[in-house]
Amino acid sequence: MTTLLAACLLLGAGLALYVAARVARLGGPPAAFLDAGRDLPGWTACFLLPWLVLAGLGLDRHLGLVARYGLQASHVAVGMALVAMAALLLWNRLWHAARLAGLDTPGEALGRYYGSITLRVAVLALALLFALPFAADLLSSAAMLIEAVSQGALPRAAGIWLLALGLAVPAIIGGWRAAVLTAAFLSLFLFVLLPGITGFAEIVLPGPGFPAAPIPVGEGILWDRLPGVVRHVAGIGKAVPAEGIFTTLAVSSAALALTGIVLSPAALYFGQTLRAGRALGLSTVWLTGGLAAGLLVLCGPVLALRMAGGVAELAASLQAEEPLAGAGFLLLLLLPGLMLAGFLVTAGALIWTRDLVLRYLFPRLDARTQRFAARVSIAVGFFLMAFMAAFLPLVSAVLATVALPLAVQLLPALLGLSFLRWAGRGAVLAGLTLGCLIVVFTEPPGLILFEGLFVDLPWGRWPLGIHSAAWGLAFNLLLVLLSAAATQRAPDRRERDRLHDALLAATGFRIGGRGLLWALALIWGFLAYGPGAILGNFFFSDPIFAPGPASALGIPSLWVWQILFWLLGVVPVWWLAYRLRFGRTSEESVRPIVLGPPAGLRPPDWLAAGIARVAGRGPRARPPATRAPRRAGRR
Amino acid sequence: MDQERATDRLDRHVLVIAIWAPALFSAVLLLHRGIATGGLWWIAAGFAALLAAYAGHIVANAVLGTGFSRGEVALGAVVFALVLAALLLDVLVAPEGITDAVWPALALGMGALIAAVVIYLVIAHGPRRAFETFDVIRDNNPRPASRLRHRGGRR
């Protein structure tokens with residue numbers, strides 16, 4: 001199996017190299033290396049977005065949780081429609097903002113719109129968090145899996161460097177377009193592998209599968225129901241309920257955390273560099289909310305039951321039946337992480353190059369040198385990521401836990417840029433700061449640091465079983481609302497209004513005044529993954545409208561509930577995409593504007609001073625201030 | 001403009017690879033399983049994977065407003081010919097009994113692939129133009145009169 005798996009991985013790397021070489025030989029403008037000319041084909045979004053979400057969820061970890069906790073863990077998949085809605089709303093607006101005001105990167109968009117260097121730094125820090133520890137954790141997991149299935153023939157460290165090399169070379173050669181094309185290509189491969197391997201395993205492996213057999217879980221865990229709405233527990237690491245951790249509030253907050261992957265700087269950058277068209281609607285409605293969520297709801301428990309003995313055991317069983325099936329199963333677990341790691345590092349390096357190197361450090365580079373700088377950044381990014389994965393796996397794993405919830409804390413800032421013109425800089429920054437602090441202190445980095453230095457905190461990870469993303473966002477939004485109420489007359493309001501007016505003129509649609517849509521989305525959310533989902537425990541097995549238990553169904557009531565609300569979840573996404581036209585982007589009505597102060601070449605003083613200290617040269621001389629010419633009549 | 005066209009061609013090329021790669025993986029898996037176990041349904045599923053990829057390729061062509069490139073046609077024809085030759089050779093020289101159970105299914109699958117191509121050509125171009133695509137003999141007449149419409153509008 002090792003040989004076959006290695007051959008498949010080599011073939012994939014070869015294809016990626018081929019695509020990168022073809023992209024490089026196109027001979028386009030050097031600037032296209034960094035942003036693909038903002039002309040990425042729509043089909044890349046169709047295939048890549050769903051698998052970004054599934055890889056962000058961590059398919060192998062998700063299947064492991066389903067194998068451990070049963071259908072309560074699988075319920076998170078219903079929340080993929082929420083992720084699709086977030087991508088639809090925010091990517092559409094950011095795409096238009098990029099065309100309207102030249103806000104080409106997420107950092108540029110937030111920084112220029114709010115007039116805030118701090119937000120630029122926050123986006124850069126977030127991009128770094130995703131590109132290094134988060135990606136390193138993914139790569140480390142992939143290398144560990146290869147080490148396990150090869151029985152040590154390929155050690156973890158060697159696997160990490162080989163995989164990193166295979167990911168880095170195509171990105172260095174072909175830049176952003178090659179990285180996205182390769183990731184989209186792998187995504188389509190995974191779309192075939194997930195149902196294919198599940199179906200194959202069900203046909204050839206002995207013994208009844210799910211739902212004929214229950215998922216074997218630990219003592220006391222409720223595998224076929226949600227263990228309540230919320231539990232009064234301190235959190236993971238302190239105390240967890242014996243029935244399982246996935247209460248309805250845990251599920252809804254985990255779904256909220258999952259939106260972090262589409263709010264990450266890399267994913268936003270991808271949305272900004274897409275070509276105009278209808279791909280966003282197709283991608284979010286049918287492929288993310290529809291196909292990907294459905295595959296996870298339907299195939300997740302089936303595959304998880306077969307994985308009860310472990311990944312290596314299932315791979316060996318499949319390999320005994322058909323060698324390529326064993327390799328295919330391992331590819332299904334390996335490729336999402338590898339694809340996401342390559343995507344995040346490439347995007348992170350390009351964002352850093354554009355927002356820091358080319359904007360502040362070396363603003364006068366010509367286009368060819370900019371491309372070279374981007375290549376160096378990508379190479380350095382992959383090296384650091386592989387270094388962290390190889391030598392700092394624990395640090396990577398700990399830091400990776402905060403990446404998604406911290407990305408969610410950008411939501412109020414992004415909503416302000418996209419829809420809420422009354423949200424100003426001060427409000428957004430205050431909310432972001434508080435939200436990030438809460439996330440850090442309800443996740444391992446803050447808990448380990450604080451408890452190691454001072455005293456034990458009374459809460460653990462995810463207090464009350466609620467994900468840190470939800471804790472942070474709740475306080476973040478509260479502070480934004482309170483602060484915005486006090487800063488309505490801020491001097492930057494006029495600039496914000498200009499962008500919103502231009503967005504309205506370019507897109508022609510508002511998000512407000514759609515009572516039926518929002519009522520429908522709220523009711524769906526409440527019943528699908530909110531507190532109302534608790535009804536699904538017995539709704540179809542012991543219905544309240546019938547006198548006795550309905551045993552004829554033969555499958556767990558919660559699974560039926562999940563399938564039902566997965567299907568119903570497509571409706572609000574469809575409504576947003578097609579009735580409100582968020583699924584369509586067009587440059588026809590775009591009238592460019594100049595937003596805020598023009599992009600200056602002078603770095604901020606603190607940055608210039610830092611460069612001067614490191615490089616040993618004085619800060620760049622400021623251009624002489626130009627005065628308005630005096631009127632001839634004035635004396 | 002040329003740059004744009006080259007980029008579009010490359011994007012389409014990668015999409016086509018993305019469509020065929022998982023289909024080929026699935027087809028190899030299923031056909032190997034079918035040949036190894038003598039399961040005819042596995043073989044049918046293998047050819048169904050190939051037909052699905054072919055349909056996907058046609059859909060991609062329709063959405064992007066393109067057709068099959070010369071390279072794709074040549075590659076498809078060469079691979080098909082090689083597989084067909086391998087199958088025939090196998091039937092002729094392999095020890096008796098090895099391929100007896102599966103060669104009718106494989107032949108049927110190959111026939112289904114040919115039928116799919118013919119059906120596509122007829123639907124896309126109509127019977128006459130589909131035939132003319134292969135009718136190279138008609139183009140061998142160098143006289144200008146052969147181009148006249150009432151003489152068949154050759155070329």
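Computed from heavy atoms alone, side chains included, the values below leave out hydrogens, waters and symmetry copies. We name chains A, B, ... by the order of the sequence lines, and we start the count at 1 in each one.
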* Asked: Who wins among D39(A), T44(A), L40(A), V204(A) for the most heavy-atom pairs under 4.5 Å with chain B?
  -> V204(A)

* To do: Pick one of side chain, backbone, both or neither for V63(B), based on which atoms fall under 4.5 Å of a heavy atom in chain A.
  => neither

* To do: Test P22(B) against every option in L186(A), V192(A), L190(A) by the side chain to side chain contact (heavy atoms under 4.5 Å, CB included) rule and name the one that passes.
  => V192(A)

* Which pair of non-hydrogen atoms, one from D11(B) and one from W43(A), has the smallest distance, and what is that distance? -> O-CZ2, 3.3 Å

* Asked: Under 6.0 Å from the CZ atom of R278(A), do we count more than 12 heavy atoms belonging to anything else shown?
  -> no

* Over all atoms of both residues, closest heavy-atom pair of L10(B) and L26(A) -> CD2-CD1, 3.6 Å

* Which portion of W20(B) sits near chain A, non-hydrogen atoms under 4.5 angstrom -> neither

* Nearest heavy-atom pair of E321(A) and R33(B): which atoms, and what distance? -> O-NH1, 2.8 Å

* Side chain from CB out, backbone as N, CA, C, O: work out which of these in L193(A) comes under 4.5 Å of a heavy atom of chain B, or both, or neither. => side chain

* Structure fact -> Note: A21(B) and F185(A) closest approach over all heavy atoms is CB-CE1, 3.7 Å

* 4.5 Å side-chain heavy-atom contact, D8(B) and R275(A) -> yes

* To do: Can you tell which part of F191(A) gets under 4.5 Å to a heavy atom of chain B, answering side chain, backbone, both or neither?
  => neither

* Given side-chain contact (heavy atoms from CB on, under 4.5 Å), test V14(B) with R22(A) step by step and report yes or no. => CA-CA 10 Å; V14(B) 179; R22(A) 290 287 305 265; over 6 Å; no

* **Minimal non-hydrogen separation, F47(A) against L15(B), with atom names** => CE1-CD1, 3.9 Å

* Using non-hydrogen atoms and a 4.5 Å limit, figure out which bit of I203(A) sits close to chain B: side chain, backbone, both or neither. => side chain

* Does a sphere of radius 6.0 Å around NE2 in H13(B) hold more than 12 heavy atoms from other residues, nucleotides or ligands, not counting ones at 6.0 Å or beyond? -> yes

* **Contacting region of S26(B) [heavy-atom separation from chain A under 4.5 Å]** => side chain

* **chain A contact via I17(B) - side chain, backbone, both or neither, heavy atoms under 4.5 Å** => both

* To do: Mind listing the closest non-hydrogen atom pair of C8(A) and F25(B) along with its distance?
  => SG-CE1, 4.1 Å

